[in-house]
Amino acid sequence: QVQLVESGGRLVQAGASLRLSCVASGQTFSTYAMGWFRQAPGKEREFVAAIRWNDGNSYHANSVNGRFTISRDSAKNTVYLQMNSLKPEDTAVYYCAVNTRLRPASIRMLVAVAVYDGWGQGTQVTVSS
């Protein structure tokens with residue numbers, strides 16, 4: 001199994017930038033992809049971005065494309081989410097997730113919650129207007 005620990009969330013003003021980090025430990029050799037999701041109060045968990053571990057190919061949700069960037073440091077078993085031009089609607093708990101078992105035919109299939117078999121505890125991001 002892979003354990004995940006997120007960090008970096010905090011209260012910021014609109015227009016600010018933040019970088020979230022997620023450190024993976026355990027059976028990290030089995031990682032196929034990692035992703036970031038978010039969940040606002042009263043809403044469903046929403047896909048933000050995903051990255052394929054072996055080649056770094058990434059995919060971002062339309063709502064964050066051009067503002068957020070997912071990246072990974074394989075040597076540190078860490079995935080990052082660089083968030084720029086933050087908006088109040090970005091306020092949510094951000095979760096890191098890992099996929100160790102499935103090999104989707106397309107990176108676009110990594111938007112689905114069901115693809116992931118491990119989740120972090122989440123880190124709160126609050127953007128004030």
Using the side chain to side chain contact (heavy atoms under 4.5 Å, CB included) rule, take Leu102 and Tyr32 through it: C-alpha gap first, then chi angles, then the decisive distance, then the call.
CA-CA 8 Å; Leu102 299 179; Tyr32 173 77; over 6 Å; no

CD on Gln39 to CD on Glu44, rounded to 0.5 Å:
8.0 Å

Tested for ring-ring contact (aromatic ring centres under 6.0 Å, His included) against Phe37, the lone hit among Tyr95, Trp119, Tyr94 is Trp119

Below 4.5 Å, heavy atoms only, C-beta onward: do Gln124 and Thr91 meet side chain to side chain?
yes

Taken to the nearest 0.5 Å, the spacing of Leu4 CG from Met34 CE works out to 4.5 Å

How long is the straight-line distance from OH of Tyr80 back to SG of Cys96, given to the nearest 0.5 Å?
11.5 Å

Out of curiosity, does Tyr116 fall in the hydrophobic cluster containing Val111 (side-chain heavy atoms, cut-off under 4.5 Å, transitive links)?
yes

Sidechain-backbone polar pair: Arg67 side chain, Ser85 backbone, donor-acceptor under 3.5 Å
yes

Is there a side chain to side chain contact (heavy atoms under 4.5 Å, CB included) between Val2 and Phe29 once you walk through the steps?
CA-CA 9 Å; Val2 178; Phe29 59 87; over 6 Å; no

Gap between atom CG of Asn62 and atom NE2 of His60 - 0.5 Å precision
11.5 Å

With side chains defined as the heavy atoms from C-beta onward, is the minimum distance between Glu89 and Ser63 less than 4.5 Å?
no

Is it the case that one hydrophobic cluster holds both Val64 and Val12, taking links as side-chain heavy atoms less than 4.5 Å apart, direct or via other members?
yes

Residue pair Val23 / Lys76, side-chain heavy-atom distance below 4.5 Å:
no

Do you know the tightest heavy-atom contact between Ala40 and Ala92?
N-CB, 3.8 Å

Tell me whether Trp53 shares a hydrophobic cluster with Trp36, the cluster being built from Ile, Leu, Val, Met, Phe, Trp, Tyr side chains joined at under 4.5 Å.
yes

Is a donor on one side and an acceptor on the other found under 3.5 Å between the side chain of Asp117 and the backbone of Thr100?
yes

Minimum heavy-atom distance between Arg101 and Arg103, given as atom pair plus value
C-NH1, 3.8 Å

What's the separation between atom CD in Gln82 and atom CG in Leu18, rounded to the nearest 0.5 Å?
8.5 Å

Arg108, CZ: over 12 other non-hydrogen atoms inside 6.0 angstrom:
no

Between Leu81 and Ala49 the two heavy atoms that sit nearest each other are CD1-CB, 4.3 Å

Here the pair of heavy atoms bringing Gly122 nearest to Val93 is CA-CG1, 3.8 Å

I'd like to know if Ile70 and Val125 are part of one continuous hydrophobic network [Ile/Leu/Val/Met/Phe/Trp/Tyr, side-chain heavy atoms within less than 4.5 Å].
yes

Nearest-0.5 Å distance that lies between atom OG1 in Thr31 and atom CG in Asn54
11.0 Å

side-chain hydrogen bond (donor to acceptor under 3.5 Å, both in side chains) partners of residues 3-30, not counting sequence neighbours, each pair once
Ser17-Asn84

State plainly whether one hydrophobic cluster holds both Val48 and Val115, where clusters connect Ile, Leu, Val, Met, Phe, Trp and Tyr through side-chain heavy atoms under 4.5 angstrom apart.
no

Before you tell me yes or no, could you show the steps for Leu110 and Tyr59 under side chain to side chain contact (heavy atoms under 4.5 Å, CB included), namely the whole-Å CA-CA distance, both residues' side-chain angles and the distance that decides it to 0.1 Å?
CA-CA 8 Å; Leu110 291 174; Tyr59 183 67; over 6 Å; no

